[in-house]
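Worksheet: the structure to be examined is printed underneath.
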Amino acid sequence: MKKIFLLLLFINIGCQSNSEEQKEKEDSEKFSRDLQDIKESGKLKALTIYSGTTYFLYKGRPMGFEYELLKRMAKDLDVELEMVVAKDENELIKLLQEGEGDLLAYGYTITEDRKRKINFTTPLYLSHQVLIQKKPENWRRMKLHEIKKQLVTNAVELINDTISVKRNSSYASRIKNLSNELGGPIIIDTLKGTLSTDKIIKKVVDGDIKFTIADENIAFINSSYYPILDISTSLSLSQRIGWAVRKTDTNLLAAVNQWLEKAKKTTDYHVIYNKYFKNKRLYKSRVISEFYSLNENKISPYDDILKENAERIEWDWRLLASVAYQESQFKPNRDSWAGASGLMQIMPATARELGVTDPYNPNQSLKAGATYLKQMLESHNNVKDSIQKIKFALGSYNGGLYHVKDAQKLAKTQGLDPLIWDDNVELALLDLSFPEHYNKSFIKYGYVRGEEPYNYVKEIFERLEHYKRFIDN
């Protein structure tokens with residue numbers, strides 16, 4: 001009877017496993033979006049995790065190793081990039097298979113178990129897993145051998161001890177394998193998938209947990225700020241780290257692989273890698289900054305003034321913040337080659353009209369900038385769609401109201417809609433860079449560098465999407 005019971009149990013487990021694999025296969029096929037689909041839609045959706053090396057906001061600017069590479073790749077593929085942030089790392093594969101993203105772009109360890117569910121790209125880099133533990137509190141006054149005595153220096157010392165990691169992480173898999181290799185149990189304390197690796201490491205620093213595991217490059221950059229951490233005990237051989245796509249999206253996989261292979265041979269790739277995994281000074285600056293999105297719900301030192309002035313023109317304050325970043329990168333003493341000054345880069349004549357006595361004063365500059373934007377909004381009252389109206393106002397703020405009015409006239413003659421910015425007036429504005437268009441008899445204000453307001457509006461709205469992901473309204 002016992003043998004029959006065990007046989008039935010194995011059959012049942014096998015059926016459940018096959019059923020799960022079948023569902024995963026069906027989901028992958030159902031939500032397939034290969035390279036051609038992505039190019040036709042004009043958008044690549046990158047599924048990732050919010051962390052201090054992957055994707056974050058710092059001083060009003062989106063940053064991250066994955067983010068910088070993805071931006072370059074999307075540009076080369078001639079598509080827009082949309083960042084899709086998973087709230088729970090444990091759900092990444094499920095979200096990919098269910099179509100939430102096209103590319104799983106995160107430092108994901110390539111394992112046999114994961115390869116059964118998704119297709120990995122060519123590795124971005126190699127790393128190995130290390131134990132993260134805290135040195136004694138008085139370690140600075142101790143000799144090296146005295147410190148080592150109080151630390152785990154060999155994996156066998158972890159038998160019957162506890163390591164805290166996320167449930168579906170490669171670190172959890174490594175602990176299970178290590179337990180088998182050592183012939184003794186290592187207990188896994190399961191942490192929430194919503195916790196970033198940075199925050200888990202901070203828990204070791206704070207004494208909330210005893211041990212965790214991380215890839216050596218992530219552990220290194222964190223330990224540069226928290227010298228009380230010891231990361232010298234290796235728990236694995238070198239492992240490959242890659243991105244991934246659904247099993248069905250083979251053309252996308254080939255395109256990403258081709259791009260990565262080429263990129264990895266460039267100096268630019270290694271500069272980006274060093275910026276996030278080697279540059280201790282930059283990392284330390286971020287960790288202590290209140291304008292680092294892992295720390296505070298802030299964009300800039302001027303958030304309060306931005307909120308006050310955004311309310312006057314009935315805008316989302318994060319949109320006005322994106323405009324201010326576009327103009328000056330939040331540097332109030334900035335001057336442009338054209339003579340504009342301050343946070344909102346107000347021209348001298350406009351500043352005088354708006355009562356600005358000190359263009360470098362953040363309060364005066366933001367108030368004047370918001371007032372001028374309101375004037376531009378009112379100049380486009382015939383545009384009924386609120387988002388389009390804002391885009392016309394921004395294009396006018398940057399390129400000049402009358403150049404935009406000219407572009408509307410040109411758009412009408414081209415069979416485009418003069419009351420829609422996207423793919424209509426913005427294209428006519430680009431045409432005003434060429435004599436065959438700006439020399440037409442009905443064009444009053446002539447040549448304009450149309451690419452500037454064209455990119456200006458796009459970049460402000462793109463940055464706004466980043467701000468919305470990280471910063472509460």
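Note that this is a predicted model, so its numbers are computed, not measured.
- In this structure, OH on Tyr467 lies 11.0 Å from OG on Ser293, to the nearest 0.5 angstrom.
- Look at Asp102 and Arg33 and you find a salt bridge, because one of the NZ, NE, NH1 or NH2 atoms lies within 4.0 Å of a carboxylate O, short of that distance.
- For the side chain to side chain contact (heavy atoms under 4.5 Å, CB included) with Ile471, the lone residue among Glu296, Arg318, Lys298 that qualifies is Arg318.
- Atom CG in Asp88 sits 8.5 Å away from atom CG in Leu95 (nearest 0.5 Å).
- Under 4.0 Å is where a charged nitrogen must lie from a carboxylate oxygen, and between Asp78 and Lys75 no such pair does.
- In this structure a side-chain-to-backbone donor-acceptor pair under 3.5 Å is missing from Asp206 to Val204.
- Using a cut-off of 4.0 Å between Lys/Arg side-chain N and Asp/Glu carboxylate O, Asp417 and Lys412 are scored as not salt-bridged.
- Salt-bridge formation is detected for the pair Glu98/Lys94: a Lys NZ or Arg NE/NH1/NH2 atom is positioned less than 4.0 Å from an Asp or Glu carboxylate oxygen.
- Classified by interplanar angle (parallel below 30°, tilted 30° to 60°, perpendicular above 60°), the ring pair Tyr273/Phe65 is perpendicular.
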Fill in: Residue pair Tyr67, His466: steps toward the ring pair (Phe, Tyr, Trp, His ring centres under 6.0 Å) verdict
CA-CA 11 Å; Tyr67 175 71; His466 294 293; 5.1 Å; yes

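- Note: Tyr125 and Phe277 meet the aromatic proximity criterion, with ring centroids under 6.0 Å apart.
- Here the options are Phe291, Tyr50, Phe56, the test is ring-ring contact (aromatic ring centres under 6.0 Å, His included), and the partner is Phe470; only Tyr50 passes.
- Ring centroid separation for the pair Tyr447 and His437 does not come in under the 6.0 Å cut-off.
- A salt bridge does not link Glu462 with Lys458: every distance from a Lys NZ or Arg NE/NH1/NH2 to an Asp or Glu carboxylate oxygen is 4.0 Å or more.
- Dense packing is recorded around CD of Gln329, with more than 12 heavy atoms of other residues, nucleotides or ligands lying under 6.0 Å away.
- Residues Glu68 and Lys71 are not paired through a salt bridge, judged by the lack of any N-O separation under 4.0 Å between the basic side chain and the carboxylate.
- For the residue pair Ser51 / Ser196, no side-chain donor-acceptor distance below 3.5 Å is found, with atom types taken as modelled.
- Salt bridge status for Lys391 with Asp422: present, with a side-chain N to carboxylate O gap under 4.0 Å.
- Under the 4.0 Å criterion applied to side-chain N and carboxylate O atoms, Lys45 and Glu82 are not assigned as salt-bridge partners.
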